[in-house]
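Everything on this sheet refers to the single structure shown next.
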Amino acid sequence: MCRLNEGLKEMDLNGPCVPCDLVLTGDHAFPLVMNSRGQVLMAASLYGRGRIVVLGHEGYLMAFPTLVENALTWLRGDGSDNLSVGVQRKVEAVADNLSKSIFQANVVEAFSDNPEVGVYVTDAYSVGEDPKNLLAFMKAWYWASTHPKENTLLKFPGNKVSGVTGIYFSEHQGEVECLPVYPQIPSSWMAVVIGKDFEDDLEFLLQGISEFDLQNGVAASEVLVHGPLAFPIGTTEDGRVFLAGAYYGQGRVVVITHEGLLRRETLAPVWNNAIRWLDEGRNGVVGVAPNLKQAFDLFCKSDLNCMKTNLREDLSVFVCTAYSDDHVEEIQDFVAEGGGLLIGGHAWHWAQTHRDQNPMTDFSGNKILNKMGLSLLENIIWEGSYKAPVPSQAIKDTHHFRHLLHRFAGHVNQGKELTKHEEEGLKKLSGDCANYLRMKAHDCPSYTQVVSTLTNILKKSGMPEVGDSCPVKSPKDHLLLSLGAEVYKVSPDSDALLPYLIKDNPLMPVVYNHRIKINVNTAGGEEWISTGLYLSPGMKTYMAIPAEIVNKGWKVQIGCQTDRLNTAELKRAPCVHERFPVSSEMMQVWNLWGGLIYLIAPPKTQVEAVEVIVQMAVPAPYYKSGVTTAADWSLLRTAPAPWAELEFDNIILTVPSDVVRDLERPDELASHWDAIMRAVADLAAIPQKFPRKERFVTDVQISHGWMHAGYPVMAHRSVAAQLLSIEHARTTGLWGPIHELGHNQQRDCWEFPPHTTECTCNLWSVYVHEEVFGINRAQADPSLKPEKRKHQVENYIKEGRNLKSWSVFLALETYLQLQEKFGWDAFKKVFTAYHEMSNFPSDNQGKMNLYAETFSQTVGMNLAGFFKAWGWPIETTTEEKLSNLPPWSDHPMVQYD
């Protein structure tokens, strides 16, 4: 860019020349001159080993001789000693202007008269030669005005050359003004627009189409439509796209987000239209990949000239799936040079099975499609029948990424009002921006243009403050809150952006070159390893990683609150943690929101005595049983980080640091939690040393409920003080936290969802309260008072023992009746029996019969009658198996027979 603008301080475009507004789509196409409306009036691009410079009006050739010489030098390329310039006769004035330069200008009738030139200069009406060595000074809008019914992108002569390189001439006039020249590539939020309205394309593609049949078990992906020459064809009612098209170079592409739909009879008219649109009237051969046999058979019924074949240069249209990256560049070149591509596939399954990879860059379909302005997302579009859009309204009514981004940028920068429809689309725009930014195409000018636009939006508006006392509610603030972290990750100058995002970011004392010893044996799932270190918002640090764990599935995580929020009122950003794959021995990590630093060990990994060094971080209050001494803790509890961790034998508690400042005896709290966790293991009939320590993490807001199970268990911040209070546990209890730990002990083989999902976990709550806290079940939860228990059973009987209402505390009553007769040891023995079984039934009826049989055999008594009295679907075969055992004839439900 600097070489092209060298010696130029300004360019006065005022005058008789009315330039064309250029549309840039190529990865290597970049603007040279952009007016204040964001219109590109001059541009350049690379293609193969060649280069092209495009001016929006041939009159600029004489107006800017310095630019012309700079352009010739750049076009000649580095290391080339060919100073010969071919000048087409219609612009022979160029030769006169070059007479005093180092270049040797020769006037020719056509490029073929002197093919050995280093650079060729022509106008828009004399092109048609190889674009790799052409310098085109073209004028397009006038041609469009005299050919109003023709497609400028395809028919204008200049586009037949420059379009291959990703520079198109639109029918729009460019506004002229005197513009300053800067060394960097110009950018403007106003340039983020769609290249055309696509109404004529949609009229062709949707002819005879009233709806799209995506029924009968289809699970398609959503496609992100982000290119300036890409457009949606088929959408759901809420504007999510499953069928889209695009211009790319001289060719076209259509993508359907499930390859199975290519063979669907009800969609045959859609594919007939699509293939004919892609063929562009050539009546050429349609090559169908061999793995699409049924699609081939369907297409042949439409009188198309089809052939089963892999990609060949002589094809007019190629049809394939999105699941191979063997011929990415060949497919892109095929389309760029005029071919048509119909491609089908979804990304959601790939994303679910490649959790550590980026679908936007690593999925094979996106390696092909990203450059074409389309990307397959991991978002699922479920089956349905979706109405075809009205061509004249389609682009206005759907959420084209660039259209809504342009409108939102205008709203922020110029105060332009958003329509209700556009406001409703801001949530989708948030997700689209996040996905688009994950392409990380930093060498692509169109990508950097969007990054620049989003950066300017955040600098103009700032990021809203968010917290318990200042929740974010509006769609605009939702979007800004989500954008902050995503733009910060890809910003070329994140340090300059940070003050616009985080307003209050006090400096904290740090430690340097902190060493962390790692000893792990992850028998089960992945495991978080606490470091006792914290990064402030936006703070960056380097970590030295031992070679033994590099590229072995390890990660670094910044932040403990891993819940992703999806709610109308936000008390924090939707996602506040970051993960980095450990792929080198020296890596830099950060998180806009800050957070505790963790090493994430992959499943089934054993590592001993390796050491990680953290260059710089803020110390956090961190206690570890058997490691941290009383003297250590007296200092550590005052550490400046806002989050603290207490790691005991079988559980780790992550709480706000102010909760631990006055904790003088963490060893006593450790004994308290060790007793709780021993009881949890005891009832579950598992070893008292957990294969992976449980975790509790508190947060200002979580994804669902007051708490929820998982790794970690998530709870609201107000629960933190209860977790650290022995007195509270022994007087009031900890029903909720133990309930969640019980969830983590539930096993599918003896669970009957949805009936027991919120029921059997409470067995642990009752057990721990009675056996550890000394709190009777009737006092542990109000629902377990005798009168309430009796009342709910009576109602259940009156309503006909309908299992649909057998859940939560009513279902718990069944298990409590068993416990009150046979004791807790019976449950422990039942769970032990299940540990030794395999090949379980998958349906509730089968599982309930197995449970009745197992419990009966365990206690030596026939319980079939008891379970039948509860409405369980006990089978005759189960009753026969238990017939040799004495019946439980006086069970509590007998009174209701």
Side-chain angles (χ1 to χ4, degrees), residues 25-27 214 218-227 230 232-236 240-246 248 253-262 289 291-292 295 310-311 318-336 341-382 401 428 430-444 446-447 450-451 486 489-490 551 553 555 564 575 578-581 583 602:
T25 66
D27 272 8
L214 270 66
V218 171
S221 276
E222 183 181 349
V223 61
L224 175 63
V225 181
H226 56 81
I233 303 170
T235 69
T236 62
R240 294 182 299 140
V241 183
F242 55 81
L243 178 64
Y248 180 68
V253 58
V254 169
V255 58
I256 179 66
T257 60
H258 195 298
E259 74 286 359
L261 296 170
L262 290 170
N291 61 344
L292 289 172
N310 290 313
L311 181 65
F318 182 55
V319 186
C320 65
T321 67
Y323 305 127
S324 172
D325 54 7
D326 291 341
H327 303 286
V328 171
E329 290 185 5
E330 293 94 325
I331 292 173
Q332 290 169 342
D333 289 345
F334 170 76
V335 179
L341 175 67
L342 175 57
I343 184 169
H346 55 76
W348 60 262
H349 183 265
W350 186 94
Q352 290 177 2
T353 54
H354 296 75
R355 290 291 186 187
D356 295 336
Q357 293 180 260
N358 180 355
M360 297 299 290
T361 56
D362 300 331
F363 176 57
S364 55
N366 287 335
K367 290 179 182 179
I368 297 170
L369 290 167
N370 283 348
K371 288 187 175 183
M372 301 180 185
L374 301 165
S375 299
L376 291 164
L377 305 180
E378 58 187 292
N379 306 341
I380 298 177
I381 292 179
W382 297 107
F401 169 66
K428 184 177 185 301
S430 175
D432 286 350
C433 285
N435 282 312
Y436 182 85
L437 293 175
R438 286 177 195 137
M439 285 196 291
K440 299 180 180 178
H442 296 288
D443 58 346
C444 173
S446 63
Y447 179 86
V450 171
V451 173
E486 299 298 336
K489 287 181 215 175
V490 300
N551 291 320
K555 303 178 191 70
R564 292 181 181 268
C575 179
E578 289 291 345
R579 279 193 170 188
F580 301 83
S583 55

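Sequence positions, counted from 1, serve as the residue numbers for this chain. What's counted below: heavy atoms across the whole structure, side chains too, no hydrogens, waters or symmetry copies.
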Plane angle bin for W350 and F363 - parallel if under 30°, tilted between 30 and 60°, otherwise perpendicular: tilted
What I'd like to find out is whether the side chain of [X] reaches to under 4.5 Å of the side chain of [Y], using heavy atoms alone.
X    : Y    : result
L262 : L342 : yes
M439 : S375 : yes
E259 : Y323 : yes
K371 : T25  : no
K440 : K489 : no

Which heavy-atom pair separates [X] from [Y] by the least distance, and what is that distance?
X    : Y    : value
V225 : A244 : CG2-CB, 4.0 Å
S583 : N551 : CA-OD1, 3.3 Å
I381 : S221 : CD1-O, 3.8 Å
W382 : A219 : CZ3-CB, 3.8 Å
E378 : W348 : O-CB, 3.2 Å
H346 : T257 : CB-O, 3.3 Å

What's the spacing between [X] [atom1] and [Y] [atom2] if we round to 0.5 Å?
X    : Y    : atom1 : atom2 : result
N366 : T361 : CG    : OG1   : 8.5 Å
I368 : L374 : CD1   : CG    : 12.0 Å
L341 : M372 : CG    : CE    : 5.5 Å
L224 : F401 : CG    : CZ    : 6.5 Å
H327 : D333 : NE2   : CG    : 13.0 Å
I380 : Q352 : CD1   : CD    : 5.0 Å

Check: R438 main-chain N/O paired with E486 side-chain donor or acceptor under 3.5 Å: no
Donor-acceptor under 3.5 Å (Y447 side chain, L437 main chain): yes
Residues, nucleotides or ligands: over 12 heavy atoms within 6.0 Å of E329 CD: no
Heavy atoms from other residues, nucleotides or ligands near NE2 of H354 exceed 12 (cutoff 6.0 Å): yes
Residues in side chain to side chain donor-acceptor pair (under 3.5 Å) contact with D356, at least two apart in sequence or another chain: K555
Derivation of the side-chain contact (heavy atoms from CB on, under 4.5 Å) call for V223 and F242: CA-CA 6 Å; V223 61; F242 55 81; 5.9 Å; no
